[in-house]
Amino acid sequence: MNFELPEEHRMIRKTVRDFCADELEPIAQEIEDEHRFPAEIFDQLADLDVMGVPITDEYGGLGGDTLMYAVVAEELGRVSGSVGLSYVAHTSLASKPLELFGTAEQKERWLRPLAEGEYLGGWALTEPGSGSDASDMNTTAEKDGDEWVIDGTKQFITNASEAGSVLVKAVTDPGAGYDGISTFIVDPEADDGFEVTTVWDKMGLNASPTCELSLDSVRVPENRLLGEEGAGWDQTKKTLDGGRISIAALSTGLAQGAYEHATEYAGQREQFGQPISDFDAIRDKLVDMYRKTERARLLTHKAARRYDEGQPVTKASALAKLDASEAAREVAEQAVQVLGGYGYTTDFAPQRFYRDAKLMEIGEGTSEIQHLVIGRELGL
Ligand SMILES: Cc1cc2nc3c(=O)[nH]c(=O)nc-3n(C[C@H](O)[C@H](O)[C@H](O)COP(=O)(O)OP(=O)(O)OC[C@H]3O[C@@H](n4cnc5c(N)ncnc54)[C@H](O)[C@@H]3O)c2cc1C
């Protein structure tokens, strides 16, 4: 494997890094404190043409590969977990399935505005009663003439309160198990019966809206069915294969950000007449943080490259997600420790990375579920 990023990827990394330093870093803590979704940041990301990095340029995307997308997700995560989370949910969960499974007409109507960054997208799988066991859902869609009528409740849906479209999973054939689930494109503005009932307060990532949705007899025309009727579960598995690479990339960014804050602080803070970075205990911690971050990045890029080569990616993406999410939490926790009492205050970033990192071990399949997936792939 070539470990160097191609020139194009390094260029986009620099563009996004500079943007983050100028525009995002100054407000990264403030938007968390205020629980404010930073719409202006996403407008600017649209101006930079990065809201559809891995989406074909035929439908308004940048036409980049998954590796390039992972690089962008890492850069956003390095500065703001919230912006990174909303960004990856928009891209890999809400946009990519439209590209993979939509008709030309659906792509023109629903994918283009997402890829061009006109508005954000959401993806609604989880329900109050079904998380890890996601196929055990209660949301239903019944055919009525040439319309589908969707009823149910969805839980923890990223971006839903800000979204111009939400992909909703629903049971269309209750007796058919995995083959009885379908995906529908729902328009939160125009479709009556769609309501965001809760925007959750969370231990972190509070600038990224996490919503409970009510779907009360939401009527959508036939052309809002994504792909074949009954293909919704198969689409979900493929979507999560890509989605886990996103969470791995975002986690790598959180780890990198925490590491950088800790390194900078350790070089400046003096105790016992010397910078604390001169103490073996602190230096070893920083080396450990660097090691974990590098490992997370390597596994993430390996999974992304496999995805781009069209190779099976279930094991590689689950492994990257499992490892990088643990790395993010561990590195962020170590960063808090390196900063001592200041690390425990909200004036310094490590506490924010620590709180944000915890979600990475939960969203898009918990660590326990990643173990199950990897074990199955290994034939264990
Ligand atoms: C901030 C945030 C954003 C999210 N964004 C989205 C989104 O955009 N769209 C969406 O559809 N969902 C989203 N989710 C939902 C997320 O994917 C689920 O929370 C996650 O899959 C876990 O489901 P659960 O919360 O119901 O936990 P549960 O499934 O109830 O799990 C509880 C515990 O039991 C363990 N467990 C469950 N089953 C097993 C098993 N078989 N073996 C071992 N342990 C097991 C779990 O690992 C966990 O530790 C989001 C969640 C959060 C918090």
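For the single chain, residues carry numbers from 1 onward in sequence order. Counting starts at 1 for both ligands and their atoms, in listed order.
Qualifying ring pair (Phe, Tyr, Trp, His ring centres under 6.0 Å) partners for Phe184, counting only residues two or more places apart in sequence or in other chains: Trp148.
Salt bridge annotation for Glu294-Arg291: absent, with no cationic side-chain nitrogen under 4.0 angstrom from a carboxylate oxygen. Taking a cutoff of 4.0 Å between a charged side-chain nitrogen and a carboxylate oxygen, Lys238 and Asp241 do not qualify as a salt bridge.
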Can you list, pair by pair, the side-chain donor-acceptor contacts under 3.5 Å of residues 109-125, counting residues two or more places apart and other chains?
| from | atom 1 | to | atom 2 | distance (Å) |
| --- | --- | --- | --- | --- |
| Arg112 | NE | Glu108 | OE2 | 2.7 |
| Arg112 | NH1 | Glu116 | OE2 | 3.3 |
| Arg112 | NH2 | Glu58 | O | 2.9 |
| Arg112 | NH2 | Glu108 | OE1 | 3.3 |

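Residue pairs meeting the salt bridge (charged side-chain N to carboxylate O under 4.0 Å, His left out) criterion with at least one member in residues 62-77, sequence neighbours excluded: Arg17-Glu75, Glu74-Arg297, Glu75-Arg78.
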Show me a pair-per-line table, with atom names and distances to 0.1 Å, of protein N or O atoms that are under 3.5 Å from an N or O of ligand 1.
| from | atom 1 | to | atom 2 | distance (Å) |
| --- | --- | --- | --- | --- |
| ligand 1 | 5 (N) | Phe156 | O | 2.8 |
| ligand 1 | 5 (N) | Thr158 | OG1 | 2.8 |
| ligand 1 | 8 (O) | Thr158 | N | 3.0 |
| ligand 1 | 8 (O) | Thr158 | OG1 | 3.4 |
| ligand 1 | 9 (N) | Trp123 | O | 2.8 |
| ligand 1 | 11 (O) | Leu125 | N | 2.9 |
| ligand 1 | 11 (O) | Thr126 | N | 2.9 |
| ligand 1 | 11 (O) | Thr126 | OG1 | 3.2 |
| ligand 1 | 12 (N) | Thr126 | OG1 | 2.7 |
| ligand 1 | 14 (N) | Phe156 | O | 3.2 |
| ligand 1 | 17 (O) | Glu364 | N | 3.4 |
| ligand 1 | 29 (O) | Ser132 | N | 2.8 |
| ligand 1 | 29 (O) | Ser132 | OG | 2.6 |
| ligand 1 | 47 (O) | Thr366 | OG1 | 2.6 |
| ligand 1 | 47 (O) | Glu368 | OE1 | 2.8 |

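No donor-acceptor distance shorter than 3.5 angstrom exists from the side chain of Lys154 to the backbone of Glu127, with no hydrogens or angles considered.
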